[in-house]
Amino acid sequence: TDPAVIRNFCIIAHIDHGKSTLADRMLQSTGVVQARDMRAQYLDRMDIERERGITIKSQAVRMPWEVDGVSYALNMIDTPGHVDFTYEVSRSLAACEGAILLVDAAQGIEAQTLANLYLAMENELTIIPVLNKIDLPAAQPEKYAAELANLIGVEPEDVLKVSGKTGQGVEELLDEIVKQLPAPQGVRDAPARAMIFDSVYDTYRGVVTYVRVVDGELKPRERIQMMSTHAQHELLEIGVSAPEPQPTKGLSVGEVGYLITGVKDVRQSRVGDTVTGNLNPAQESLGGYADPQPMVFAGLYPIDGSDYPVLRDALDKLKLNDAALSYEPETSAALGFGFRVGFLGLLHLEIVRERLEREFKLDLISTAPNVEYDVVTEDKSHLHVKNPSEFPSGKILEVHEPMVAATIIAPAEFIGAIMELNQQRRGIMGGMDYLSEERVEMRYRLPLAEIVYDYFDQLKSKTRGYASLNWQADGEQVADLVKVDILLQGEQVDAFSAITHKDKAYAYGTMMATKLRELIPRQQFEVPIQAAIGSRIIARENIRAIRKDVLAKCYGGDISRKRKLLEKQKEGKKRMKMVGRVEVPQEAFIAALSSD
Ligand code: GDP
Ligand code: MG
């Protein structure tokens, strides 16, 4: 295809502003998906995505569109909408010349609208501002057109107005994509360079890699090279998604499509990497490649210990399709055999956990999520602590914790509540801007550890659901952090250790001790529950002793009833874990680790 008739674009939006619905409508308007084949959110393929209404993996689709008698090829690249997947979003954007900035006409600009806009600007994309859902009775198109125009520096009349639901304005939008976006530029005779913006594992075909060709051409049967690893593969198939895969005789400058090499693991075909030909390889890769960095860690343990091999196989399978998932085996005295798993963020954690439970029928306990600390010990060596129980007990020079830059957008009436929450979470305000008279954008620098637990829920409840949040990694800081251990009768329970700020250690210790006193049944002896920093006890509760004589209740008489009781007691014991001499029911661990 002649690059002059290609237009590569993506739709960027805050979650729920209607990106998937608009994409569906475009597929229909351009005739690539017939109305009768149309199911809602055609591009969101995974079940979990469909149910949660979020897009996790981006997909590309080619659509024909005619303007003034000329046939164009529009490549629409669907980007993930959630903050956990910023890197994937940025690579999808880098594959485009333009972006449709979609804003709900009843909501206005939200935190992820801004985050995505900034990413698009960093990639020098042409932005087409569009208000969606103008069919809604609550829509305020004039007001939000002004807000949007003000944000990106255009006239309010330049903001297009559409409804992905009714289709109103969608054809005009397709025309504007052709008119406003530049055609791709690239050197046809140069060595091939294509950027990978997505990589998906398919049970039947192996890894399907989505690429944008920047220079040169890729042809089927040729040998290719991944520029970050120099790994070589044969191109078994190359083609375009329209939206079903359609093999072609090659992909050249400006084209977007897929390739299949027979590799079985997305790690061998990484998002952001550059593909080149093996015979005439490019000298320089396209840049922008980065390994995905896990930010949040949690221990995952099967509730039934015999499920451990199932969990291991399940993680191995998920990894094929998720280059950002990392894990290593871990043992816990309290929870048995499991894994320490690294995630991009909390949504990523939830998705992985849900897939493990749903697709592999596993019942799991997960420990409270934590971040990775860089602990400098007295001999100046650095320890990277991903599991609180590994925090050294000896002398420590300093502890570095990861930080985030957060943007919150909310109605101005909630400024006070938001400031209070952020203060509690050790946040420092960086600035505040009014987007309009009633809405503000607030910027904070916060420890990541303070937002992985319960922060978003708190923000939502303090703002009656109106606040939106976006964050990105922002270096680290030295902080006064300590490890709090929980001891049962003097024995440390590793799964309950936590790293907290010094000022919050006492609150954590009392909270856990009180919780456990209620959850652990009385034993035949007194059981002290203690919270400690090193050898210093900071909180203490007691479980009083009972004389456990179940048979006494049976008045000596009924033998079969006695036997039943004894059996019942034995069964109950199976689900007990021993911590020293203390019997702790499995449920107590689960309940103590759950967040409410
Ligand atoms: P995404 O998260 O940006 O992909 O948003 P979706 O496309 O999943 O849409 C979120 C919700 O808004 C869904 O319930 C849609 O049915 C609804 N929606 C999307 N576009 C429109 C529209 O133009 N008008 C109305 N009334 N509802 C819409
Ligand atoms: Mg969607």
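As the structure lists them, so they are numbered: ligands from 1, and atoms in each ligand from 1. The structure presented is a predicted model; accordingly, all values stated were derived computationally and were not measured.
Of the candidates N132, D135, L131, the one placing a heavy atom closest to atom 26 (N) of ligand 1 is D135. If you check each of D24, T21, L102 against atom 7 (O) of ligand 1, the one with the closest non-hydrogen atom is T21. Comparing R25, H17, K133 against atom 12 (O) of ligand 1, the shortest heavy-atom distance belongs to K133.
For ligand 1, the polar-atom distance check finds an N/O of G18 within less than 3.5 Å of one of the ligand's N/O atoms. Ligand 1 has no N or O atom lying under 3.5 Å from any N or O atom of I134, backbone or side chain.
Within the 4.0 Å heavy-atom criterion, both parts of S163, backbone and side chain, lie near ligand 1.
The contact set between ligand 1 and L136, taken as ligand atoms under 4.0 Å from a residue heavy atom, comprises 26 (N).
Around atom NZ of K462, more than 12 heavy atoms belonging to other residues, nucleotides or ligands sit under 6.0 Å away. Applying the 6.0 Å contact sphere to CG of D433 captures more than 12 heavy atoms from other residues, nucleotides or ligands.
We find that D78 and K19 are joined by a salt bridge, their nearest charged nitrogen and carboxylate oxygen being less than 4.0 Å apart.
Side-chain contact check for Y118 and N470: no donor-acceptor pair (N or O, by modelled atom type) lies under 3.5 Å. For T1 and R62, the side-chain atoms include at least one donor-acceptor pair closer than 3.5 Å.
Remark: R353 fails to qualify as a cation-pi partner of F343 under the 6.0 Å distance and 45° angle criteria applied to the six-membered ring.
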